[in-house]
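Reviewing the structure listed below.
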Amino acid sequence: MKIGILALQGDYEAHARVLKKLDVEYSYVRTPADLNGVHGMILPGGESSTLLKLLQQNGLFDALYERLKKGMPFFGTCAGAILLAKTVISPAQISLNAVDVTILRNAYGRQLASQMATGHCILNTTPLPLFFIRAPKFIDLAPDIKIIATYQGDPVCIQQHACLLATFHPELTQDATLHLYFLELVRKTAIPHF
Amino acid sequence: MNFNSEAWKVKVGLAEMLKGGVIMDVTNVEQAIIAEQAGACAVMALERVPADIRKMGGVARMASPRIIREIMDTVSIPVMAKARIGHFAEAQILQALEVDFIDESEVLTPADEENHINKHSFRIPFVCGCRNLGEALRRIAEGAAMIRTKGEAGSGNIVEAVRHMRTLNREIRNLTLLHDEEFVSAAKHLNAPLELVKWVGKNGKLPVPNFSAGGVATPADAALMRQLGAETVFVGSGIFKSDDPQARAHAMVIATTHYDNPQTILEVSEDLGEAMDGLDIRALSAGELLQTRGE
């Protein structure tokens with residue numbers, strides 16, 4: 001099993017550090033050809049508008065879209081979640097339209113509102129560390145979306161089909177709960193060739 | 001100095017998000033829109049780009065808060081702004097304005113020739129320039145959450161940026177070879193706090209992201225600095241002092257991401273028009289150098 005990490009811009013190395021610690025094979029994805037042999041994709045934090053520009057420049061946007069259609073598992077954190085949400089507002093921008101949710105960019109405010117907190121996660125009995133950086137917020141969730149983690153009652157990590165979206169940065173904490181859960185999703189997705 | 005504190009981690013967290021992107025100097029809303037549309041990961045709001053500061057002389061200060069606010073209201077990417085070295089009151093105003101990052105910058109005229117701002121006392125993260133490891137660690141000790149090598153701003157000449165990045169990385173490599181009993185002497189020579197010197201020796205890198213600035217004028221310059229170890233680049237005068245800012249801004253973004261793919265950089269490097277005018281650093285007098293301000 002090999003995980004691809006979108007490595008155009010942002011904190012992709014932080015995701016790589018987590019996978020390395022978990023002893024999982026990974027490779028950086030910068031072009032459509034880099035997707036060969038990849039079984040699941042991580043879209044990291046960064047600037048979603050920058051990532052979009054870079055994705056559209058070399059056909060990677062379409063290549064990821066195709067993989068999503070085929071059911072490849074994706075894990076998006078912060079900017080990565082913005083790329084995967086169906087609708088993006090504040091301001092509006094296009095997306096890979098994989099998860100039936102609306103996402104509000106910079107929903108808590110600017111950097112002064114960035115913070116570390118803890119939330120509730122259905123995968124754990126202990127509190128989940130949440131690292132918010134200019135974080136977005138999920139609104140208008142489709143009924144079949146599973147809420148994986150909440151912060152003060154608001155959903156901050158959700159799942160639909162094989163896509164996992166978090167508005168925070170588990171890759172910047174020591175808690176690998178969500179990465180382990182995503183790896184399990186990839187293992188369960190028994191499609192041999194993407 | 002508590003590098004495990006949540007406040008510190010939240011500051012460095014934003015710096016982590018900017019890695020691999022291009023931070024572009026802009027002086028008005030129109031330029032900010034061009035930068036965002038080209039794929040900049042952040043903009044630096046300032047009154048004049050470094051090349052113009054150099055030309056006009058006089059005292060260069062923090063930009064007008066109104067211009068900064070207009071830019072913040074227009075673009076969705078992070079907005080940075082510059083304060084003069086040691087001018088903590090300018091920094092307080094920028095924090096009240098809620099910019100996302102403050103650059104305590106040698107490009108502006110220093111307000112204090114002895115001391116930098118105590119950046120630990122702010123909630124907004126700071127970036128500071130350096131020419132070598134000692135300078136980088138002194139700024140980190142003061143609370144900088146991101147370091148950029150200084151280069152020579154507004155020169156359009158990459159030679160100083162290369163010198164500073166090579167120096168920094170060589171000094172980091174050297175520390176990794178030391179035995180435990182050699183760190184005190186190393187800290188003395190670097191003029192830097194022992195704890196930070198030890199940390200760098202054990203980890204082989206700075207405890208904060210390390211970007212490059214000062215003289216980046218072409219996509220090839222950006223790729224060069226990335227290959228020399230810069231986690232991303234600041235582009236000051238290089239974009240809006242060139243013939244075709246839109247095309248150049250886009251090319252810089254592509255070259256910074258695909259820095260190890262010359263074919264891709266070649267494709268975006270054609271038809272860019274003229275780059276900004278460049279300066280021979282050796283023809284500048286000591287007083288004209290910006291990099292020696294605030295060591």
Side-chain angles (χ1 to χ4, degrees), chain A residues 6-15 17 28 30-31 33-34 44-58 60 77-80 82 88-93 104-106 109-118 129-136 168-169 171-174, chain B residues 5-24 35-43 72 74-80 94-102 122-125 145 205 209 231-232 249-251 253-254 256-261 263-264 267-268:
Chain A
L6 185 70
L8 296 174
Q9 191 271 323
D11 73 336
Y12 51 86
E13 285 172 339
H15 280 286
R17 275 196 296 274
Y28 287 146
R30 294 199 173 97
T31 67
D34 295 337
E47 277 306 310
S48 61
S49 58
T50 300
L51 290 169
L52 262 184
K53 288 281 169 330
L54 290 161
L55 284 172
Q56 290 171 306
Q57 185 256 339
N58 64 359
L60 193 49
T77 61
C78 200
I82 294 171
V88 182
I89 55 173
S90 176
Q93 64 188 24
L104 176 66
R105 292 179 60 197
N106 301 328
R110 310 189 68 93
Q111 172 63 9
L112 267 186
S114 294
Q115 59 160 336
M116 290 177 89
T118 54
L130 305 174
F131 198 139
F132 293 110
I133 302 285
R134 287 170 46 98
F168 55 96
H169 296 281
E171 72 276 16
L172 295 181
T173 71
Q174 299 300 315
Chain B
S5 79
E6 289 191 357
W8 170 255
K9 286 180 180 169
V10 167
K11 289 176 178 177
V12 177
L14 180 56
E16 295 283 340
M17 296 310 140
L18 300 173
K19 282 183 177 177
V22 180
I23 301 157
M24 300 184 191
E36 183 175 47
Q37 287 179 347
C41 68
V43 291
M72 289 166 61
T74 305
V75 297
S76 65
I77 54 180
V79 176
M80 304 184 171
L94 292 175
Q95 176 160 279
L97 192 57
E98 297 197 13
V99 299
D100 296 292
F101 234 104
I102 297 172
F122 286 79
R123 290 174 57 221
I124 300 281
K205 58 176 187 145
E231 293 179 292
T232 200
H250 171 75
V253 170
I254 302 299
T256 301
T257 289
H258 299 284
Y259 63 92
D260 56 355
N261 186 339
Q263 188 60 40
T264 299
E267 283 159 23
V268 296

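None of these values were measured; they are calculated from a predicted model. So you know, we letter chains A, B, ... as the sequences are listed, proteins then strands, and number each from 1.
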Please classify the contact of [X] with chain A as side chain, backbone, both or neither, using a heavy-atom distance under 4.5 Å.
{"X": "Glu231(B)", "result": "side chain"}
{"X": "Val12(B)", "result": "neither"}
{"X": "Pro209(B)", "result": "neither"}
{"X": "Ala40(B)", "result": "backbone"}

| request: Heavy-atom pairs under 4.5 Å with chain A are the metric here; pick the option from Ala7(B), Ala42(B), Ala38(B), Pro125(B) that has the most. | output: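 Most heavy-atom pairs under 4.5 Å with chain A: Pro125(B).
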| field | For chain A, the option from Lys11(B), Met72(B), His250(B) that forms the most heavy-atom pairs under 4.5 Å | value |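 The candidate making the most pairs under 4.5 Å is Met72(B).
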Kindly indicate whether the side chain of [X], heavy atoms from C-beta on, has any atom under 4.5 Å from the side chain of [Y].
{"X": "Gln111(A)", "Y": "Val10(B)", "result": "yes"}
{"X": "Thr264(B)", "Y": "Thr31(A)", "result": "no"}
{"X": "Gln9(A)", "Y": "Val253(B)", "result": "no"}
{"X": "Ile124(B)", "Y": "Asp100(B)", "result": "no"}

Do any N or O atoms from the side chain of [X] and from the backbone of [Y] form a donor-acceptor pair under 3.5 angstrom?
{"X": "Thr118(A)", "Y": "Pro129(A)", "answer": "no"}
{"X": "Thr77(A)", "Y": "His169(A)", "answer": "no"}
{"X": "Glu36(B)", "Y": "Cys41(B)", "answer": "no"}

Side chain, backbone, both or neither: which part of [X] has a heavy atom under 4.5 Å from chain B?
{"X": "Leu172(A)", "answer": "side chain"}
{"X": "Gln57(A)", "answer": "side chain"}
{"X": "Ile133(A)", "answer": "side chain"}

| Any side-chain donor-acceptor pair under 3.5 Å between Ser49(A) and Gln93(A)? |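 Gln93(A) and Ser49(A) do not have a side-chain donor-acceptor pair below 3.5 Å.
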Pairs of heavy atoms under 4.5 Å with chain B: top-ranked of [options]:
{"options": "Leu112(A), Asp11(A), Leu54(A)", "answer": "Leu112(A)"}
{"options": "Met116(A), Glu13(A), Arg110(A)", "answer": "Arg110(A)"}
{"options": "Glu47(A), Arg105(A), Arg30(A), Arg134(A)", "answer": "Arg134(A)"}

